[in-house]
Enquirer: 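Please see the structure below; I have some questions.
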Amino acid sequence: MTAKPTALQELPADLDRYRLPKHVAVIMDGNGRWAKRQGLPRIMGHRRGVDVLKDLLRCCKDWGVPALTAYAFSTENWGRPLEEVDFLMMLFERVLRRELQEMMQENVQIQFVGNLSALPQSLQDEIERSVNDTKQNRGIQFTVATNYGGRQEILQACQAIASAVQQGKLQPEEIDEELFSRHLYTAHVGDPDLLIRTSGEMRLSNFLLWQMAYAEMYITEALWPDFDRAEFHRALCAYQQRDRRFGKV
Ligand code: IPE
Ligand code: IPE
Ligand code: MG
């Protein structure tokens, strides 16, 4: 992370620190379009996107948001050109290696959700190392969705539950929302209170389908590489103006 002082270091005065979301999820979209607008190859957008995510993580820590989940690679993203997929895998691995020491200093606990077994082995090793090394850290819970698909996550939970039933370890009537949630990749963290998607797209793209049942959604036209603290501030202001009724009156 950069040493230079960042604007909006402290929680802006117009935000109520007691009503901040406990968990923010982000669909980091628009890297390719950002790069194209600058006349750069798409991968430059991804590279810049990493810096933006780093500052958002630090901002969550500075402002008192205890959990951040970021969508880094979907199960559908394998359909992109091979060079881009390869670049992303290499980037994830390099960033994890480079940032581990700083995550320790910053007391970040990193976790991953998704079908990790399909990732390159060297990336899986780096993931395992960062998860293990940071597991005692309590500063902020940072979850990265990599080769993640919401439907696939629900299916693997169904399979695990069905096999527990088949083995007689579980009765069908015991399957409730709480038990189901415990079988999802996200068992370690609560459901997101706020979902932010950049680049103006109004869809979930298979992200946290179960967990997002009552998340507030905030969509900004800003492209991910331009999503700065001022943008996050706007998202949190919008969130604090929402009336979260959860079906009640
Ligand atoms: C999001 O930016 C990053 C990933 C999906 C890995 P995109 O790469 O989707 O950028 P656009 O949507 O093409 O602009
Ligand atoms: C969603 O972005 C996935 C990630 C941000 C990792 P996409 O760019 O892949 O989504 P679509 O294709 O526009 O739905
Ligand atoms: Mg996109």
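Counting convention: from 1, in listed order, for ligands and their atoms alike.
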Enquirer: When you compare the side chains of Asn147 and Trp78, does any donor N or O come within less than 3.5 Å of an acceptor on the partner?
Expert: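 Their side chains do contain a donor-acceptor pair, which is all the 3.5 Å distance test asks for.
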Enquirer: Applying the side-chain contact (heavy atoms from CB on, under 4.5 Å) criterion to Pro66, which one of Gln141, Arg138, Lys22, Lys61 satisfies it?
Expert: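 With Pro66 as partner, side-chain contact (heavy atoms from CB on, under 4.5 Å) holds for just one option, Lys22.
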Enquirer: Using a plain distance cutoff, I'd like to know if Asn31 has any nitrogen or oxygen under 3.5 Å from a nitrogen or oxygen of ligand 1.
Expert: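 Yes, since at least one N or O of Asn31 sits under 3.5 Å from an N or O of ligand 1.
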Enquirer: For a 4.5 angstrom cut-off between non-hydrogen side-chain atoms, does Phe232 reach Ile196?
Expert: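 Yes. Closest side-chain heavy atoms under 4.5 Å.
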Enquirer: Hey, what's the ring geometry for Trp210 with Phe180, parallel, tilted or perpendicular (30° and 60° as the breaks)?
Expert: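 Correct class here is tilted.
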Enquirer: Under the criterion side chain to side chain contact (heavy atoms under 4.5 Å, CB included), I'd like the reasoning laid out for Phe112 against Leu96: C-alpha separation, chi angles, the key distance, then a yes or no.
Expert: CA-CA 12 Å; Phe112 289 81; Leu96 276 180; 3.8 Å; yes
Enquirer: How does Arg42 reach ligand 1, if at all, at less than 4.0 Å between non-hydrogen atoms: by side chain, backbone, both, or neither?
Expert: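 It is the side chain that touches ligand 1; the backbone stays farther off.
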Enquirer: Report the part of Phe207 (side chain from C-beta onward, or backbone N, CA, C, O) that has a heavy atom under 4.0 Å from ligand 2; answer both or neither where that applies.
Expert: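 Neither; nothing of Phe207 gets under 4.0 Å from ligand 2.
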Enquirer: State, yes or no, whether a side-chain contact exists between Leu53 and Leu68 at a heavy-atom distance under 4.5 Å.
Expert: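 Answer yes - side chains close enough.
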Enquirer: Under 4.0 Å from a heavy atom of Asp29: give me the atoms of ligand 2 that qualify, with their elements.
Expert: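 Those atoms are 2 (O), 8 (O).
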Enquirer: Pairing donors with acceptors under 3.5 angstrom, does anything connect the side chains of Tyr185 and Gln152?
Expert: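 There is such a pair between these side chains.
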Enquirer: Less than 3.5 Å between some nitrogen or oxygen of Glu201 and one of ligand 2, yes or no?
Expert: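 There is no such contact.
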Enquirer: Would you check if there is a donor-acceptor pair between the side chains of Arg234 and Thr220 at a distance under 3.5 Å?
Expert: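 Their side chains do not contain a donor-acceptor pair, so the 3.5 Å distance test is not met.
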Enquirer: Taking 4.0 Å as the limit for heavy-atom contacts, which would you say applies to Ala72 with ligand 1: side chain only, backbone only, both, or neither?
Expert: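 Backbone only.
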Enquirer: Check ligand 2 against Arg203 and write out every atom of the ligand that is under 4.0 Å from a heavy-atom position of the residue.
Expert: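 Answer for ligand 2: 11 (P), 13 (O), 14 (O).
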Enquirer: When you compare the side chain of Leu236 with that of Leu20, does any pair of heavy atoms fall below 4.5 Å?
Expert: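 Sidechains of Leu236 and Leu20: in contact.
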Enquirer: If you measure every N/O of Asn77 against every N/O of ligand 1, is any gap under 3.5 Å?
Expert: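 Min N/O separation from ligand 1 is not below 3.5 Å for Asn77.
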Enquirer: By number and element, which atoms of ligand 2 are closer than 4.0 Å to a non-hydrogen atom of Phe73?
Expert: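 Close to Phe73: 6 (C).
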Enquirer: List-wise, which protein N, O or S atoms are found short of 2.8 Å from the Mg ion (ligand 3)?
Expert: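 Under 2.8 Å from the Mg ion (ligand 3) - ignoring waters, which are not counted - the protein N, O or S atoms are Asp29 OD1.
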Enquirer: Return yes when Lys36 approaches ligand 1 closer than 4.0 angstrom through a heavy atom, no otherwise.
Expert: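 So Lys36 does not count as touching ligand 1.
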Enquirer: Measuring only between side-chain heavy atoms, which start at C-beta, is His23 closer than 4.5 Å to Asp191?
Expert: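 No; the side chains remain at least 4.5 Å from each other.
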Enquirer: Is any side-chain heavy atom of Ile27 less than 4.5 Å from a side-chain heavy atom of Leu195?
Expert: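 Heavy-atom side-chain distance check passes, below 4.5 Å.
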Enquirer: Number the atoms of ligand 2 from 1 as they appear, then name those within less than 4.0 Å of a heavy atom of Arg80, with their elements.
Expert: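 Answer, ordered by atom number: 7 (P), 8 (O), 9 (O).
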Enquirer: Would you say the side chains of Asp125 and Ser122 form a donor-acceptor pair under 3.5 Å?
Expert: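 No, Ser122 and Asp125 have no side-chain donor paired with an acceptor closer than 3.5 Å.
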Enquirer: For Trp63 and Leu11, work out which heavy atoms get closest and say how close.
Expert: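 Heavy-atom minimum between the residues: CD1-N, 3.4 Å.
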Enquirer: Do Asp16 and Gln240 have side-chain atoms, one donor and one acceptor, less than 3.5 Å apart?
Expert: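 Looking only at side-chain atoms, Gln240 and Asp16 do not form any donor-acceptor pair under 3.5 Å.
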Enquirer: Mind checking whether Gly30 has a heavy atom under 4.0 Å from ligand 1?
Expert: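 Distance cut 4.0 Å: Gly30 passes for ligand 1.
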Enquirer: Within ligand 2, which atoms have a heavy atom of Arg197 less than 4.0 Å away?
Expert: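 Counting from 1, the qualifying ligand atoms are 2 (O), 10 (O), 11 (P), 13 (O), 14 (O).
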Enquirer: Please list the nearest protein heavy atom to atom 10 (O) of ligand 1 with its residue and the distance rounded to 0.1 Å.
Expert: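 Among all protein heavy atoms, the one nearest atom 10 (O) of ligand 1 is Gly32 N, 2.9 Å.
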Enquirer: Indicate yes or no: does an N/O atom of Ser205 lie under 3.5 Å from an N/O atom of ligand 2?
Expert: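 Such a contact does occur with ligand 2.
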Enquirer: Considering only protein heavy atoms, determine whether one is less than 4.0 Å from atom 12 (O) of ligand 2.
Expert: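 Under 4.0 Å from atom 12 (O) of ligand 2, zero protein heavy atoms found.
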Enquirer: Given that the side chain starts at C-beta and the backbone is N, CA, C, O, which of these parts of Met28 lies under 4.0 Å from ligand 1, counting heavy atoms, or is it both or neither?
Expert: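 Backbone only; the side chain of Met28 stays clear of ligand 1.
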